[in-house]
2 protein chains.
Amino acid sequence: MALTRNTKAQEEVLKLMQETPHTLTVDEICEKIPLQVNKTTVYRMLERFVAAGKVHFITSSDGKAHYALCTSCKHQHTLHNHIHFQCTACGTVDCLPDKVEIPVLPGYQMKETQFLIIGICTKCAAVGKE
Amino acid sequence: MALTRNTKAQEEVLKLMQETPHTLTVDEICEKIPLQVNKTTVYRMLERFVAAGKVHFITSSDGKAHYALCTSCKHQHTLHNHIHFQCTACGTVDCLPDKVEIPVLPGYQMKETQFLIIGICTKCAAVGKE
DNA sequence: AATAAAAACGCAACATAGTTGCAAAATATT
DNA sequence: AATATTTTGCAACTATGTTGCGTTTTTATT
Ligand SMILES: [Zn+2]
Ligand SMILES: [Zn+2]
Ligand SMILES: [Zn+2]
Ligand SMILES: [Zn+2]
């Protein structure tokens with residue numbers, strides 16, 4: 001399932017995601033985008049991006065979906081073995097360059113992976129020490 | 001924050017969790033428990049269990065919380081480095097014995113970890129091959 | 001056993017994230 | 001320009017989880 005049409009809304013969302021150094025929730029996208037776009041539209045758009053392998057998402061511990069462009073995962077679209085860090089102080093969720101060794105699980109069929117570490121990010125930790 | 005009082009409801013929930021080989025959601029607990037317990041009560045109960053280090057939870061990719069007793073994590077209550085497997089066929093989420101090497105992240109303060117692999121579990125994969 | 005304090009519970013109302021159906025608008029194709 | 005298909009907006013809805021508050025249960029004290 002690939003993207004078939006170019007729209008202003010899609011362009012804007014992709015541009016915002018390229019310019020943002022961390023993951024974004026649907027609400028954040030709706031807020032920060034210069035164009036007014038309905039949340040349902042953003043949900044369905046992201047669904048298409050994920051299906052096309054352009055975007056992946058990580059579910060934070062409180063159950064919200066955070067979306068990011070697929071940059072380090074050119075070949076394996078589904079098995080994202082990089083780590084995500086959720087900061088409980090500033091609320092951001094980041095894609096980290098650090099990767100995890102995915103173990104072999106005989107008998108299981110892996111489709112997707114989500115590695116999440118929760119804590120205080122470097123910025124917030126630095127502020128705390130001042 | 002430790003448990004201070006024993007109640008029928010808490011006993012039943014712990015017993016159910018001990019007897020169940022996979023994680024449980026709050027709704028599943030409310031359904032399967034022989035005693036009628038309000039969902040708010042179960043939520044608060046699990047919150048206490050988690051704070052006491054008796055229980056941990058994993059958030060599935062669709063944002064639901066799945067709870068399990070802490071068995072393999074006697075010492076480090078928060079950093080659960082075992083893997084969780086979410087089956088998209090039967091919906092179950094399991095604690096697997098397989099563990100992940102948690103990388104060192106300089107500058108970050110880790111509090112909690114959630115490692116999730118999504119796919120088809122051994123049981124459902126076997127059924128598919130018949 | 002009666003009393004009192006604290007913890008746990010139930011209920012209703014609420015908050016939020018995400019979904020669905022359908023009609024309208026935008027895009028690509030002829 | 002006409003047509004077919006994709007994408008969008010809206011409103012209503014579902015589901016998970018939370019909050020406030022009054023009541024009940026548990027436990028400790030008298
Ligand atoms: Zn932070
Ligand atoms: Zn990522
Ligand atoms: Zn299964
Ligand atoms: Zn577990």
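Per chain, numbering begins at 1; letters A, B, ... match sequence-line order.
- Looking at heavy-atom distances under 4.0 Å, A:Val26 makes no contact with the nucleic acid at all.
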What pairs of nitrogen or oxygen atoms, one from the protein and one from nucleotides 14-17 of chain C, lie under 3.5 Å apart?
| residue | atom | partner | partner atom | Å |
| --- | --- | --- | --- | --- |
| C:dA17 | OP2 | A:Asp27 | OD2 | 3.1 |

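- Comparing the end axes of the helix from C:dA1-D:dT30 to C:dT30-D:dA1, each fitted to five base pairs by superposing C1' atoms of four pairs onto the next four, gives an inter-axis angle of 30° (nearest 10 degrees).
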Under 3.5 Å, which donor-acceptor pairs link side chains of residues 27-38 of chain A to any protein atom two or more places apart or in another chain?
| residue | atom | partner | partner atom | Å |
| --- | --- | --- | --- | --- |
| A:Glu28 | OE1 | A:Thr25 | N | 2.9 |
| A:Asn38 | OD1 | A:Thr40 | N | 2.9 |
| A:Asn38 | OD1 | A:Thr40 | OG1 | 3.2 |

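- Across the protein-nucleic acid pair, B:Ile33 atom CD1 and C:dC9 atom C1' stand 13 Å apart, rounded to whole Å.
- Rounded to whole Å, the distance from CD on A:Glu11 to P on D:dT8 is 11 Å.
- At least one donor-acceptor pair closer than 3.5 Å links the side chain of B:Gln10 to the backbone N or O of B:Arg5.
- If you measure from atom CD1 of B:Ile29 to atom P of D:dG17, you get 11 Å, rounded to the nearest angstrom.
- A donor-acceptor pair under 3.5 Å is formed between the side chain of A:Gln86 and the backbone N or O of A:Ser61.
- The distance between atom CG of B:Leu24 and atom C1' of D:dG17, rounded to the nearest whole Å, is 17 Å.
- Checked against the 6.0 Å centroid threshold, B:His56 and B:His66 do not count as a close aromatic pair.
- The CG-P distance, from A:Leu46 to D:dT7, rounds to 13 Å in whole Å.
- Atom pair B:Arg48:CZ and C:dC9:C1' shows a separation of 9 Å (rounding to whole Å applied).
- For the pair A:Glu12 CD and D:dT7 C1', the computed distance is 16 Å after rounding to whole Å.
- The CG atom of A:Asn38 sits 14 Å away from the C1' atom of C:dG21 (whole-angstrom rounding).
- Residues passing the salt bridge (charged side-chain N to carboxylate O under 4.0 Å, His left out) test with B:Asp62, sequence neighbours excluded: B:Lys64.
- The closest side-chain heavy-atom distance from A:Thr59 to B:Ser60 is not below 4.5 Å.
- Under the 4.5 angstrom side-chain criterion for Ile, Leu, Val, Met, Phe, Trp and Tyr, the cluster partners of A:Val93 are A:Ile58, A:Leu116, A:Ile118.
- Distance check: A:Lys39 NZ to A:Arg44 CZ gives 11.5 Å after rounding to the nearest 0.5 Å.
- For the atom pair A:Gln114 CD and A:Phe57 CZ, the distance stands at 5.0 Å (nearest 0.5 Å).
- With B:Tyr67 as the fixed residue, the side-chain contact (heavy atoms from CB on, under 4.5 Å) test singles out one of B:Thr20, B:Val42, B:Val26: B:Val26.
- The structure places CG of A:Leu96 at 7.5 Å from CZ of A:Phe85, a figure rounded to the nearest 0.5 Å.
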Letter per nucleotide, 5' to 3', of nucleotides 22-30 of chain C [B base touched, S only sugar-phosphate touched, - untouched; heavy atoms, 4.0 Å]: B---BBS--

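- Across the interface with DNA chain C, nearest-nucleotide mapping of B:Asp62 and B:Thr41 shows B:Thr41 to be the residue nearer the 5′ end.
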